[in-house]
Amino acid sequence: MMINKLLLISLLISLSVQIFGQDVVPRQALIDKMSSFEDSMKKDKDDNPEFIKIPIIIDSTEGWEWIDKEECEDVFEAYPLRSSYNKYKSHPQYRVIGDEVYNGKGQLVRVVNIFDSNRRTISQRVTDELLRQTYINDYKTNKYNFKKENQNAQNYVKQELKLIKSSRFYWSKEGVGYLQQLEFDHADDFDILLKIERLNDTSFKLIFGDVKGNSVSTWKVAYLPNGQFKSKIIVTRLPLEKIKVRIRVYELKNGKLTKHEN
């Protein structure tokens, strides 16, 4: 069956998820803005003619429901730092900037979620860091024997991958071509998120898969403080965690939907 003929509307979560050789039933606990996520998924059915990714979501921490339930006030302050944030009456000690929660001292205390604004996938900021670390691994393992190229090409690639900091501007045709090849190699690596699990207030575990519902990679994504009211993202590849996800596929043919399951 050709993939481009299929209309993938939803992923049906298996009754059992196989994790490290054990069958368990994941608890669908509360997650920040979960209702908004479900509403968005319903609307997306008619928006995306190809496929929509619905990950298994596990959030074992609770007590932050006010972020979703309460109305907030938009605040802009020019001093001591120029910043815009949301302020909640019941929790005035926190500033919510985007999907990040900070205390009054500017320390990161919670990441609400790592989805982008349309809730279809993880944020571009997370994807960019996952790809950067993937490219770095290819570079360090000498993929395509690139280390035999000239030093200028090396410096260009290192600079683009943020392996070196330099005030100089490096440009290399060979370096551009190498990075384009890596981008092509990993274009689909992070398209399908099978599972997201919160590890603590500021870190998550992600399992990515293919169109057949098979796990292909497991990552830890951690948000760390990076100055007052700022954060940075660190991603670490973990041993592959195998899970089983049943995929329900609908094929649109002659105006009728036919259901298939992998």
Side-chain angles (χ1 to χ4, degrees), residues 26-44 47-48 52-133 162 190 193-208 219-236 238:
R27 181 174 68 90
Q28 289 293 335
L30 291 173
I31 188 169
D32 305 319
K33 302 183 181 178
M34 190 62 193
S35 60
S36 299
F37 175 78
E38 292 173 343
D39 292 340
S40 177
M41 283 294 105
K42 293 177 182 177
K43 294 179 182 179
D44 286 341
D47 294 342
N48 193 333
I52 295 170
K53 303 166 287 297
I54 304 178
I56 302 171
I57 303 176
I58 301 177
D59 188 351
S60 59
T61 60
E62 298 176 359
W64 295 85
E65 296 86 351
W66 52 271
I67 296 177
D68 184 39
K69 292 181 179 180
E70 294 184 17
E71 292 185 3
C72 61
E73 176 187 1
D74 294 329
V75 178
F76 172 78
E77 289 185 356
Y79 182 83
L81 296 173
R82 294 178 62 88
S83 66
S84 298
Y85 61 92
N86 293 336
K87 180 180 179 181
Y88 292 81
K89 290 183 179 180
S90 63
H91 294 77
Q93 70 273 34
Y94 294 124
R95 294 185 180 186
V96 181
I97 303 176
D99 283 323
E100 299 172 11
V101 182
Y102 296 86
N103 61 21
K105 296 181 179 180
Q107 300 170 326
L108 180 68
V109 296
R110 171 80 168 181
V111 177
V112 179
N113 63 65
I114 58 175
F115 291 100
D116 67 2
S117 58
N118 63 23
R119 310 290 289 179
R120 292 181 184 173
T121 183
I122 56 176
S123 71
Q124 190 61 48
R125 186 181 174 199
V126 173
T127 302
D128 289 345
E129 187 59 25
L130 288 168
L131 287 170
R132 188 177 78 89
Q133 291 300 329
K162 300 179 183 179
F190 306 108
L193 178 59
L194 297 183
K195 177 184 175 184
I196 172 173
E197 179 178 354
R198 183 184 290 278
L199 301 177
N200 53 45
D201 279 330
T202 57
S203 66
F204 305 81
K205 180 170 65 176
L206 310 180
I207 300 178
F208 294 92
W219 295 81
K220 177 183 177 182
V221 176
Y223 286 69
L224 301 178
N226 192 31
Q228 194 174 24
F229 297 108
K230 295 182 180 179
S231 69
K232 62 181 178 180
I233 295 175
I234 302 296
V235 301
T236 306
L238 303 176

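Computed over heavy atoms, backbone and side chain alike; hydrogens, waters and symmetry mates excluded. Start at 1 with the first residue, then count along the sequence.
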Heavy-atom pair with the smallest gap, counting every atom of Leu238 and Trp219: CD1-C, 4.1 Å
Gap separating the CD1 atom of Ile233 from the CG atom of Asp128, nearest 0.5 angstrom: 9.0 Å
Set of residues satisfying side chain to side chain donor-acceptor pair (under 3.5 Å) with respect to Gln228, sequence neighbours excluded: none
Any Ile114 side-chain heavy atom under 4.5 Å of Tyr223 side chain: yes
Test item: Asn103 side-chain N/O and Gln107 main-chain N/O as donor-acceptor pair under 3.5 Å: yes
Sequence neighbours excluded, every pair satisfying salt bridge (charged side-chain N to carboxylate O under 4.0 Å, His left out) that has a member inside residues 87-98: Glu77-Arg95
Atom CD of Glu71: over 12 foreign heavy atoms under 6.0 Å: no
Heavy-atom pair of closest approach, residues Arg125 and Ser231: NH2-O, 2.7 Å
Leu193 to Leu206 - nearest heavy-atom pair and separation: CD1-CB, 3.9 Å
Audit row: Asp74, Asn86, side chain to side chain contact (heavy atoms under 4.5 Å, CB included) steps and yes/no: CA-CA 5 Å; Asp74 294 329; Asn86 293 336; 2.8 Å; yes
Donor-acceptor pair, side chain of Arg198 and main chain of Asp201, under 3.5 angstrom: yes
Phe204 vs Ile122 side-chain heavy atoms within contact, under 4.5 Å: no
Parallel, tilted or perpendicular: rings of Trp66 and His91 (30°, 60°): parallel
Over all atoms of both residues, closest heavy-atom pair of Trp64 and Val109: CH2-CG2, 4.1 Å
Closest non-hydrogen atom pair, Val111 against Thr202: CG2-CA, 4.1 Å
Side chain to side chain, Ser83 and Phe229, heavy atoms closer than 4.5 Å: no
Gap separating the NZ atom of Lys220 from the CD1 atom of Ile234, nearest 0.5 angstrom: 10.5 Å
